[in-house]
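Only one structure is covered here, and it is reproduced in the block below.
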Amino acid sequence: MRDVVSYNAMISGYARNAHGYAALNLFLDMKRICLQPDDFTFTSVLSGLAMLVNDEKHCQQFHCEIVKSGVVSVVSVSNALISVYLKCSSWSFLDPARQLFGEMPEKDELTWTTVITGYVRRGDLNAAKEIFDGMVKKIDVTWNAMISGYVHHGFIMEAFETFKKMFSVGVTLDEFTYTSMISACANAGLLKHGKQLHAFLLRTDPIPEPEWSLPVKNALITLYSKCEKLDAARRVFDEMSIRDLVSWNAILSACISVGHIDDARQLFGRMAERNLLTWAVMISGFAQNGCGEEALKLLNQMNKEGVCPCDYAFAGVFTACASLGALKHGRQLHSQLIRFGYESSLSASNALMTMYARCGNVEDAHCVFLTMPAVDSVSWNAMIAALGQHGYGVQALELFELMLSEGILPDRITFLTVLSACSHAGLVSEGCRYFELMDSLYGIAPGVDHYARLIDLLGRAGKILEAKDVIDKMPYEPDPPIWEALLAGCRIHGNMEMGIFVAERLFELTPQHDGTYVLLSNIYADIGRWNDVARVRQLMKDRGVKKEPGCSWIEVANKVHVFLVDDSVHPEVQYVYKFLEMLGVKMKKMGYVPDIKYALHDVESEQKEYSLSTHSEKLAVAFGLLKLPMGATIRVLKNLRICGDCHTAVMFMSKAVGREIVVRDGKRFHHFRDGECSCGNYW
DNA sequence: ATAGGGTTAG
């Protein structure tokens with residue numbers, strides 16, 4: 001015969017196995033045959049319902065039933081009811097839970113802890129804390145729940161305070177406590193504290209190290225990884241006797257974050273099991289480390305293996321397309337993104353914006369920005385940066401002001417992009433003003449990287465002495481980017497004396513960096529001191545410094561064509577040379593004079609002109625003119641900064657052929673149209 | 001009732 005006891009057994013069996021509705025049906029069944037449910041029945045059905053998401057209707061129904069049945073004073077029943085209330089996503093369900101909690105004549109640890117974790121999960125740490133403080137007999141789970149709540153919501157100080165208190169009142173720390181605290185240290189980059197926890201765990205924990213739970217060790221991998229201690233992370237990983245997917249993903253992202261892409265590739269290959277996270281990490285890892293093609297291939301492989309890419313994977317491939325300048329490919333992926341239904345994904349859209357911008361297409365970037373259903377500070381920063389890189393300094397600042405007026409607080413990245421935007425557009429006084437405001441109004445202390453932008457801004461504008469003055473007074477030791485910015489200013493404005501001084505500093509700091517030699521020799525070349533040019537070149541040779549070869553590329557018919565200086569590899573390069581020769585005649589008639597001083601070599605003038613005319617950017621532009629359909633914008637990408645002569649030449653080309661030409665160099669974008677460049681010769 | 005792995009902006 002079916003009696004209450006047998007129903008209860010079945011219901012609790014269903015509930016334990018997450019069959020909430022099956023449990024519910026049995027309960028209704030009981031009522032149909034007029035069996036009176038008891039407190040155990042209610043507890044079981046409710047715990048089944050708690051496993052379902054967001055069943056608000058049954059929640060309220062049960063509340064009434066329970067009150068009618070008179071079992072509301074049974075602690076386990078009320079506990080279960082509270083827990084179901086707290087699983088509902090709507091805020092209006094907090095109040096009945098809270099009220100029930102207040103009305104309970106008797107509460108146990110579970111009651112308190114359930115309510116606390118309910119609030120923690122909603123991110124209301126203050127409410128959680130209030131209840132926590134009112135709890136007299138706190139158990140370890142309660143402490144751990146509070147700590148993990150603080151950690152998850154970024155309240156590191158509070159997590160530490162709670163941890164200290166827990167320790168001082170003599171509650172035994174368990175692996176939950178350690179895991180949360182170690183991950184707190186990882187998030188905040190607190191290596192010292194993290195290491196102390198690790199050591200403390202080794203010294204005092206009764207559980208021997210090999211038997212520590214996986215989460216503790218996984219958290220340790222992340223701790224060392226986030227603190228840039230790859231060796232330590234690797235050691236933890238290698239010494240684990242059992243590893244799960246989380247361990248593998250953790251060590252994988254550890255390798256990627258320090259740029260060890262070969263190790264990452266190898267680990268990825270060795271993984272017996274992968275999930276969406278694995279793929280996404282690997283794809284963006286490739287993208288960030290200059291392996292764009294591999295990132296794209298991996299997305300294909302993912303599809304082939306029947307794994308549906310998540311939005312993070314898309315963010316990764318957009319980053320890849322951005323660095324490759326693969327606009328067509330990026331567009332195709334954009335439509336795939338929409339087909340997969342991720343168009344409102346924040347991270348994918350942010351990456352998408354940058355993809356369009358870095359492929360030379362600010363308009364589409366702006367379009368993405370405007371149509372995003374929700375934006376965050378990353379989106380604002382990306383759009384401001386896009387405008388700045390393309391030389392639209394005024395628009396960048398307007399957007400920045402709009403951001404402020406919408407109440408979005410700028411962060412340190414925002415100011416980096418704002419300062420660059422000013423620098424590219426020659427907005428000196430504006431840049432200086434924002435630099436001041438950064439600290440005084442927004443409380444962001446400028447970092448050495450902000451100073452480098454300021455130096456760049458002043459240096460480009462010819463305010464070399466002011467820039468030097470800033471360096472002398474700033475609260476940092478000048479690092480190479482600071483000196484490089486100043487040297488570039490000296491180069492533009494022909495300040496030889498300061499240039500030599502700065503070059504000396506750089507020779508001390510980074511003797512292997514080719515840029516210093518190139519800039520210094522250009523300074524000498526500007527004023528015709530060919531002996532010094534030769535001396536610098538010799539110095540380079542003696543020290544074994546190789547100049548990074550210039551290379552440019554262009555996408556034609558979904559294929560990327562790469563050109564090197566004096567290219568002889570590209571199958572159609574001979575046509576390109578011929579075309580350039582013809583075009584050169586027309587350009588010279590229009591007034592183009594090759595600027596020979598940009599050649600590094602001190603050779604005969606005629607040869608100089610020849611060697612200049614074969615810079616990779618000219619080849620790529622010419623190839624685009626030959627191959628792309630009439631009227632299409634030519635988009636060329638270059639690894640180094642565009643040379644002065646090429647810049648002039650492309651201006652003339654744009655006029656001679658009546659085409660728009662966009663060149664992305666190592667620093668920024670140049671939009672050539674009708675003989676002019678968007679940078680206003682200011683780059 | 002409590003724990004571990006990710007993304008996008010420079």
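Just so it is clear, the model here is predicted, and its values are computed rather than measured. Here is the naming used below: chain letters follow the sequence lines, and residue numbers restart at 1 for every chain.
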Base, sugar-phosphate or nothing for [X]? Non-hydrogen atoms, less than 4.0 Å.
| X | value |
| --- | --- |
| A:R453 | sugar-phosphate |
| A:V141 | base |
| A:D311 | nothing |
| A:T278 | nothing |
| A:H450 | nothing |
| A:N79 | nothing |
| A:K226 | sugar-phosphate |
| A:I139 | base |
| A:N275 | base |
| A:I147 | nothing |
| A:R121 | sugar-phosphate |

Side chain A:D244, main chain A:V246, donor-acceptor under 3.5 Å: yes
Looking at A:R412 and A:I444, would you say the former's side chain and the latter's main chain have a donor-acceptor pair under 3.5 Å? no
Taking heavy atoms of chain A and a 4.0 Å limit, find me the 5'-most and 3'-most nucleotide of DNA chain B within that range. B:dA1 to B:dG10
Decide, yes or no, whether a salt bridge links [X] with [Y] under the criterion of side-chain N to carboxylate O below 4.0 Å.
| X | Y | answer |
| --- | --- | --- |
| A:D456 | A:R460 | yes |
| A:K138 | A:E109 | no |
| A:R453 | A:D449 | no |

With sequence neighbours excluded, give me every ring pair (Phe, Tyr, Trp, His ring centres under 6.0 Å) pair touching residues 219-240 of chain A. A:H198-A:Y224, A:F237-A:W248
Residues passing the salt bridge (Lys or Arg N to Asp or Glu O under 4.0 Å) test with A:E398, sequence neighbours excluded, are none
